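The block underneath contains the structure these notes are about, expressed in structure tokens.
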Amino acid sequence: MTVNFEVNGIARSLTVDTRTTLLDALREHLQLTGTKKGCDHGQCGACTVIADGRRINACLSLAVMHEGRKVTTIEGLGTPDLLHPVQAAFIRHDGYQCGYCTPGQICSAIAVLQEIRAGIPSHATEDLMARPQATNMEMRERMSGNICRCGAYSNIAQAMAEVAGVKA
Amino acid sequence: MKPFTYERVATPAQAAAAVLRRPGAKFIAGGTNLLDLMKLQIEVPPHLVDVGRTGLDKIDPTPDGGLRIGALVTNTDLAADRRIRRDYGVLSRALVAGASGQLRNKATTAGNLLQRTRCPYFYDTNQPCNKRQPGTGCAGIGGVSRQLGVIGTSDACIATHPSDMAVAMRVLDAVVETIDAQGRTRAIPIAEFHRLPDNTPHIETSLTADELITGVKLPAPIGGTQMYRKVRDRASYAFALVSVAAIIQKDGTGRVAVGGIAPRPWRIEAAETELPLGAKAVTDRLLADAHPASDNAFKITLVERTLAAVVSKAKAA
Amino acid sequence: MKFDRPAGHNPIDQLRVVGKPTDRIEGRLKTTGTAPYAYERHDVVPDQAYGFVVGSPVPKGHIERIDIRGAKASPGVIAVVTTLDMPRLEKGPMNAAYLFGGAEIQHYHQAIAIVVANSFEQARAAASLIRVNITGQSGQFDLSTQVADAPLAHGKIPPLDRVGDFDSAFATAPVTFDQTYTTPDQSHAMMEPHATIAAWEGGKVTLWTSNQMIAWARRDVATALKIPPENVRVDSPYIGGGFGGKLFLRADAVLAALGARAAGRPVKVALTHPFLMNNTTHRAATIQRIRIGATRDGKITAIAHESTSGNLAGGGPEAAVSQTRLLYAGANRLTSMRLAHLDLPEGSSMRAPGEAAGMMALEIAMDEAAEQLGMDPVQFRILNDTQVDPEKPDRQFSRRQLVKCLQLGATHFGWNRRNSRPAAVREGDWLIGMGVAAGFRNNLVTKSGARVRLGDGGLVTVETDMTDIGTGSYTIIAQTAAEMLGVELGQVKVSLGDSDSPVSAGSGGQWGANNATAGVYAACVKLRRTVARKLGLDPDMAIFAGGHVQAGGRHFGLADATRDGELVCEDAIEYGDLDKKYQQSTFAGHFVEVAVDAFTGEIRVRRMLAVCSAGRILNPKSARSQVIGAMTMGVGAALMEELAVDRSRGYFVNHDLAGYEVPVHADIPHQDVIFLDEVDPISSPMKAKGVGELGLCGVSAAVANAVYNATGVRVRSYPITLDKYLDHLPQVL
């Protein structure tokens with residue numbers, strides 16, 4: 001089946017098996033391997049990409065469902081020579097170790113800061129009617145769908161706090 | 001994952017008709033639960049009908065002062081909706097207690113209601129499971145049962161319903177609206193939506209095969225202090241051991257539904273009359289018929305203590 | 001280079017580059033998704049087909065028949081290889097379970113077939129069509145029923161070790177303590193699953209894989225495939241987490257190679273997460289009895305630690321008593337390890353094998369004994385510190401600052417604010433408690449080699465088969481070479497994980513940093529002498545700094561030495577007997593504060609501090625990350641991690657990342673780490689030791705002790721989940 005969609009601002013047309021997930025379309029067909037396959041079941045967050053402005057698990061989405069839609073992957077955020085500010089903050093704060101969950105963490109971190117700005121509540125939000133703030137607990141709760149087995153959480157929190165301009 | 005064909009439809013009626021045409025066909029919207037299960041061949045639909053573009057993604061007021069939530073409204077959008085946050089706080093809270101930010105961005109209102117159990121034996125196709133493969137037995141009974149159900153279960157199945165949202169919907173007396181291939185619509189009270197397992201644990205809802213959920217109606221707001229308290233082993237991104245959805249009024253009366261303990265959100269209206277007497281009285285009545293498995297009797301204590309926390313917080317509010 | 005005397009002053013001591021909190025040199029690749037991991041190496045070989053592995057549906061039995069007709073006929077399928085196609089493949093010395101071949105099933109999800117197809121989707125679908133007939137056999141899956149009969153575990157570590165006379169000393173001690181603890185089976189749960197691309201060229205095979213120990217992998221692939229090791233190349237530049245789970249050859253590599261041979265095409269294979277938890281290895285559960293006899297003023301006179309674990313035939317015990325032989329003083333000692341046969345998946349190394357599980361028990365016992373003695377647990381540990389190996393008192397520790405770790409930690413953490421009476425501190429609905437534990441893990445030395453090239457423009461390239469599993473190897477190796485050759489960090493390129501490079505220590509046992517950089521040091525020493533001679537300088541006098549070399553008033557650019565071409569030097573660090581003469585260990589003080597919900601018993605870690613004594617810290621930034629990561633794993637072990645055993649069906653039930661819970665962001669607060677300013681000239685020319693496992697050892701007990709301090713309920717069975725103490729919490733209703 002054919003799917004036409006936009007990946008990192010570039011129109012793409014792919015012929016895929018209906019069973020091909022967005023994740024495998026990115027990694028195997030487009031060879032955009034920055035998006036990682038961890039659990040492949042929505043249990044780790046390594047495959048996080050931004051689809052139509054929202055972060056999702058690329059492993060639990062079929063490629064064909066993205067017909068006409070937009071996807072941004074880690075490759076669309078920055079390059080080694082031109083880092084996104086969140087990528088740079090992760091490096092400064094050593095917000096990674098093995099690096100495998102890192103693209104997902106970064107996609108999530110960028111989306112989390114947007115979600116807070118957009119007023120989307122989280123489990124850590126005290127008052128549902130007040131604007132959520134980029135507090136340590138808000139960011140940690142919202143990042144919890146991205147597992148880092150190396151345990152870089154404390155450093156990621158600091159990297160995000162720096163980008164958000166608040167104390168970690 | 002077995003091969004399947006895929007089609008996209010534009011309207012709910014087309015969707016229902018499309019599913020009827022192909023035996024075993026399934027609707028797909030967010031896909032976060034269905035694709036997970038398809039990868040493990042727990043679900044093996046030969047055909048998928050993508051209902052994601054049928055326009056059921058609005059939240060509209062109803063004439064009786066409530067809200068009608070489109071089936072495709074994502075968990076994120078539902079939790080963030082100002083009217084939901086203001087008037088149905090228990091629902092907003094339950095939604096953000098579930099899954100992860102990524103999953104909530106994809107997961108839909110209808111899909112959340114239709115989530116299948118997280119029983120580990122259901123998830124392993126090498127093991128017997130009456131829900132997955134009727135007649136094979138239940139490995140959960142006598143197996144690792146810490147997460148499994150304590151009430152409403154049967155000799156055939158002790159799985160729980162994993163949804164947080166559904167627990168809030170139950171305490172709000174939501175109504176599920178559907179359409180079938182003939183274009184007939186139905187309104188199913190949430191209390192009648194999920195079925196208990198008895199001898200047919202594979203039949204989980206009162207939906208027919210070609211029936212598509214189009215939305216969920218919330219009655220007019222009832223005020224009160226609205227809370228959703230979820231207890232789990234880690235602080236986030238985990239299914240509930242026990243959860244309590246509660247709406248407590250100033251006079252101490254209220255409503256309580258419990259998640260994580262039964263094949264459906266567990267609510268017994270008669271037990272709520274005990275609320276002014278405290279959590280123990282409610283729990284005793286709510287769980288009078290409980291039959292814990294080998295590893296999960298603690299859930300009864302945990303329900304009582306979680307409810308006590310909720311009642312205490314309501315008093316403070 | 002032989003290292004058989006304590007290091008004197010050397011170029012590393014300049015600390016111009018080494019010892020600095022440098023950002024990782026591969027950081028830009030990892031954060032942009034451009035660092036290549038095993039399964040995604042599209043560039044290395046064309047025409048890659050996809051393999052999908054089929055696992056045994058039962059834990060024990062004999063395969064009668066495998067029907068592959070359905071799979072073979074399935075669309076896109078190129079080849080099917082089953083375990084009945086060949087006899088049991090020979091395994092390497094470190095593996096217990098057989099990886100493939102033959103009809104015997106030793107454990108659940110043992111690999112029994114691979115299907116190779118043109119696409120992943122086709123391979124996965126066809127794999128589900130394989131039908132297998134197995135005559136099942138009953139097995140033993142319950143450690144608790146095996147304790148009484150488990151024999152002593154003979155192996156590298158003495159299974160029974162007695163010093164003095166424990167029995168009479170314990171019998172006559174004024175204060176005695178005797179408790180039993182259990183730790184569960186745990187999964188490495190690294191984010192990147194085991195994955196390999198295999199390609200054959202004639203009789204030679206290349207494996208692009210994810211493995212911590214390149215030389216072992218090469219050797220064991222050769223053994224399994226019955227080909228000479230020189231016909232195997234293994235390449236593993238980036239590894240998405242290992243934690244011991246990728247120390248030894250696993251089924252992905254073997255089956256990729258077999259699948260590629262059968263398909264006549266390169267084949268890529270990744271184990272899936274729901275599959276790998278039973279297919280690969282895990283940290284084995286333990287049952288540990290600890291007895292402590294002491295004087296009334298708290299001097300330990302007798303200490304015994306006896307542990308039982310289980311494993312498959314050929315597997316070893318979880319060496320949970322190791323640290324107890326070295327950590328505290330006491331004249332009369334007994335340690336023993338027993339090993340039961342279990343038909344569960346293979347128990348093997350997971351981060352800090354032995355000590356991690358052992359310290360989980362020992363450091364609760366120390367907390368309990370201190371309380372029984374009416375002593376502060378920090379003081380009790382300090383009082384029983386030893387500066388010599390308690391079993392061989394003439395053998396000193398190379399460096400041991402456990403006391404300082406505990407004292408400094410207590411000060412920084414505000415330990416004096418702890419109420420020693422349990423369940424006495426409350427903030428709203430939260431019960432607050434603090435806990436402490438010692439951290440201990442040995443420092444292991446092992447031969448490690450490297451090759452250093454000085455090329456055009458003074459560019460330095462380091463090549464070694466050392467791996468970086470998130471540990472920071474790339475960066476500390478670059479720092480070492482830059483320091484030694486007097487160049488900037490940016491002038492150094494590092495190539496890791498390729499079996500064509502010199503054999504290194506590899507990543508395991510927290511030995512990688514010290515040994516691998518010492519190997520680079522050795523190669524750099526050789527290169528310095530080569531450069532000096534090339535430039536006509538006295539090698540003993542030459543100073544390398546600022547991209548220049550000078551001696552005797554003569555001065556050259558480093559690049560001048562390459563005017564006739566690249567200079568290449570290779571060497572290895574090889575150790576004498578300093579690790580026999582001295583006990584080399586690393587130490588920590590772990591401090592934790594928790595809040596426990598008085599209603600529900602939910603535990604939230606609020607503060608964590610580790611003070612570490614671990615020799616020279618080569619890069620405080622990446623070393624700190626190692627420690628906080630380990631602390632995070634310690635929280636998981638304390639509060640949630642358990643592979644749940646179905647004792648009749650014989651497998652780990654919660655075999656995915658939703659069922660096997662590891663900590664998430666919300667579980668982990670800000671973490672503090674303090675490294676004591678320390679060098680250990682006995683460990684290596686780098687004067688460094690490991691920290692990656694030290695950061696884990698003791699943390700879980702510190703959490704457990706804090707939970708006890710908060711609630712007054714002592715849980716001796718990990719993980720400390722609320723079902724184990726809910727009934728004992730203060731009444732709230």
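All values reported here derive from a predicted model rather than from experimental measurement. By convention in this document, chain letters (A, B, ...) are assigned in the order of the sequence lines, proteins followed by strands, and residues within each chain are numbered from 1.
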Contact part of [X] toward chain A, heavy-atom cut-off under 4.5 Å: side chain, backbone, both or neither?
X        : answer
C:Ile628 : both
C:Asp667 : backbone
C:Ile469 : backbone
C:Tyr50  : side chain
C:Gln122 : both
C:Ala658 : both
C:Thr31  : both
C:Met191 : both
C:Ser622 : both
C:Thr272 : neither
C:Pro669 : both

task: Check whether A:Asn155 gets within reach of chain C through its side chain, its backbone, both or neither, counting any heavy atom under 4.5 Å.
output: both
- prompt: Of the backbone (N, CA, C, O) and the side chain (C-beta and beyond), which part of A:Ile156 lies under 4.5 Å from a heavy atom of chain C, both, or neither?
  reply: side chain
query: Just wondering, more than 12 heavy atoms not from C:Lys493 lying within 6.0 Å of its NZ?
result: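 For C:Lys493, atom NZ is not crowded (no more than 12 foreign heavy atoms under 6.0 Å).
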field: Result of checking C:Arg624, C:Arg24, C:Lys621, C:Gln626 against A:Asp94 for side chain to side chain donor-acceptor pair (under 3.5 Å)
entry: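 Single pass found, and it is C:Arg24.
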